[in-house]
Amino acid sequence: MNKAYYDFEFGKLEITYKDEILYSLKVVKNEEVNNRTKFTDKIFKEVEEYLTGKRKEFDIKYIFIGTTFQKQVWTLLEKIPYGKTCTYLDIAKKMGNSKLSRAIGCACNKNPIWLIVPCHRVIGSNNKLVGYAGGLKMKTKLLEIEKYNS
C-alpha cells in the first residue's frame with residue numbers, strides 16, 4: 001500500500017492506495033513518505049470539488065476492507081443520495097433488523113472511505129447529528145455543503 005498526503009480544509013488528508021484503487025481516506029496530523037501520483041491527484045481534486053460544491057458524485061475506484069457486516073452497511077451508505085439523510089434505524093430496517101442501529105453506527109465509524117461512501121448522511125432517529133469519526137463539526141460542514149448545492 002502507498003500513501004499520499006494533501007493539505008485540505010480539515011487538516012491533512014491521507015490517501016491510501018495500491019495501483020489505481022483507493023483503500024482509505026483519513027485525516028492525520030503527520031505525514032510519512034509522500035507517494036503522490038496522477039491517481040491520488042485525481043482523488044484530491046475530486047475531494048476539493050466536492051468540498052466547494054462543484055461535485056456531487058465521485059469517479060474513483062475503491063475497495064472495501066472490513067467485515068461482511070461492515071461491507072453490507074457501507075454498500076447501503078453508497079445508495080444515500082447527495083443532499084439527503086437517513087437514520088441509523090432506517091439502515092437497520094433495510095438490513096432486516098431494527099435492533100442493529102448501534103452496530104450500524106459502529107460500522108459507519110469504521111468506514112475507511114468516509115467522504116466518498118457518505119456515512120455523514122446518517123443521522124440519529126431524532127434527526128440530530130450524532131457520531132462521526134471526523135467529528136460533528138466536519139459532519140455539519142459536509143451536510144451544509146450538500147444542502148446548499150442540492
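Tracing side-chain contacts under 4.5 Å through hydrophobic residues (I, L, V, M, F, W, Y), one reaches Phe69 starting from Ile80; they form part of the same cluster. At a threshold of 4.5 Å between side-chain heavy atoms, the hydrophobic network of Ile, Leu, Val, Met, Phe, Trp and Tyr places Leu22 and Met1 in two separate groups. Under the 4.5 Å side-chain contact rule for hydrophobic residues, Phe39 and Ile15 share a cluster. Cluster membership for Leu115 and Ile63, using ILVMFWY side-chain heavy atoms within less than 4.5 angstrom, is not shared. Under the 4.5 Å side-chain heavy-atom criterion for ILVMFWY residues, a single connected hydrophobic cluster contains both Val130 and Leu142.
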Apply the test salt bridge (charged side-chain N to carboxylate O under 4.0 Å, His left out) to residues Arg55 and Glu49: give CA-CA distance (whole Å), side-chain angles for both, the deciding distance (0.1 Å), then the verdict. CA-CA 5 Å; Arg55 175 173 290 278; Glu49 289 171 351; 2.8 Å; yes
Pair Glu78, Leu76 - check side-chain contact (heavy atoms from CB on, under 4.5 Å), show working. CA-CA 5 Å; Glu78 291 175 308; Leu76 289 172; over 6 Å; no
Taking it one step at a time, do Val47 and Leu51 satisfy side-chain contact (heavy atoms from CB on, under 4.5 Å)? CA-CA 6 Å; Val47 167; Leu51 292 173; 3.9 Å; yes
Decide yes or no on side-chain contact (heavy atoms from CB on, under 4.5 Å) for Phe64 and Val117, but give the supporting numbers first. CA-CA 10 Å; Phe64 291 136; Val117 179; 3.6 Å; yes
Decide yes or no on side-chain contact (heavy atoms from CB on, under 4.5 Å) for Met95 and Ile104, but give the supporting numbers first. CA-CA 10 Å; Met95 294 185 77; Ile104 302 293; 3.4 Å; yes
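Using modelled atom types, no side-chain atom of Asp19 and backbone atom of Ile21 make a donor-acceptor pair closer than 3.5 Å. The backbone N or O of Ile43 lies less than 3.5 Å from no partner atom in the side chain of Glu46, so there is not a single donor-acceptor pair. At distances below 3.5 Å, not a single donor-acceptor pair connects side-chain atoms of Asn109 with backbone N or O atoms of Cys106. With hydrogens and angles disregarded, no donor-acceptor distance shorter than 3.5 Å links the side chain of Lys3 to the backbone of Glu31. Listed for the Trp114 side chain is a donor-acceptor partner under 3.5 Å among the backbone atoms of Leu25. Looking at Trp74, its side chain never comes within 3.5 Å of a backbone N or O of Lys110 through a donor-acceptor pair. Side chain of Asn34 to backbone of Tyr5: a donor-acceptor contact under 3.5 angstrom is found. At distances below 3.5 Å, at least one donor-acceptor pair connects side-chain atoms of Lys139 with backbone N or O atoms of Val122.
In this structure, a donor-acceptor pair under 3.5 Å is present between the side chains of Tyr6 and Thr40. Judged by distance alone, the side chains of Glu146 and Tyr82 never bring a donor and an acceptor atom under 3.5 Å apart.
A 6.0 Å sphere centred on NZ of Lys93 holds no more than 12 heavy atoms belonging to other residues, nucleotides or ligands. Lys26 NZ: 12 or fewer foreign heavy atoms inside a 6.0 Å radius.
Looking at Tyr50 and Ile116, their side chains never come closer than 4.5 Å, going by heavy atoms from C-beta outward. Between Ile60 and Lys42, the closest side-chain pair of non-hydrogen atoms falls below 4.5 Å. At a threshold of 4.5 Å between non-hydrogen side-chain atoms, the residues Glu48 and Phe8 do not count as touching. Thr68 is listed as a side-chain neighbour of Gln72, based on a closest heavy-atom distance under 4.5 Å. Within the 4.5 Å cutoff, no side-chain heavy atoms of Arg121 are placed close to those of Leu77. Looking at heavy atoms from C-beta onward, Cys108 lies in side-chain contact with Tyr88 at the 4.5 angstrom threshold. Here the side chains of Asn111 and Val73 are not in contact, with every heavy-atom distance at 4.5 Å or above. Residues Tyr23 and Ile113 are not in side-chain contact: their nearest non-hydrogen atoms beyond the backbone lie 4.5 Å or more apart.
In this structure, Thr87 and Ser125 approach most closely via the heavy-atom pair CG2-CA, 3.9 Å. Considering all non-hydrogen atoms of both residues, Asn30 and Val28 come closest at O-CG2, 3.4 Å. Here the shortest heavy-atom pairing between Ala4 and Asn35 reads CB-O, 3.7 Å.
When each of Lys137, Glu144, Met138 is checked for a side-chain contact (heavy atoms from CB on, under 4.5 Å) with Thr140, only Glu144 meets the rule.
Taken to the nearest 0.5 Å, the SG atom of Cys86 stands 8.0 Å off from the CD1 atom of Ile123. The distance from the NZ atom of Lys54 to the CD1 atom of Ile145 is 12.0 Å, given to the nearest 0.5 Å.
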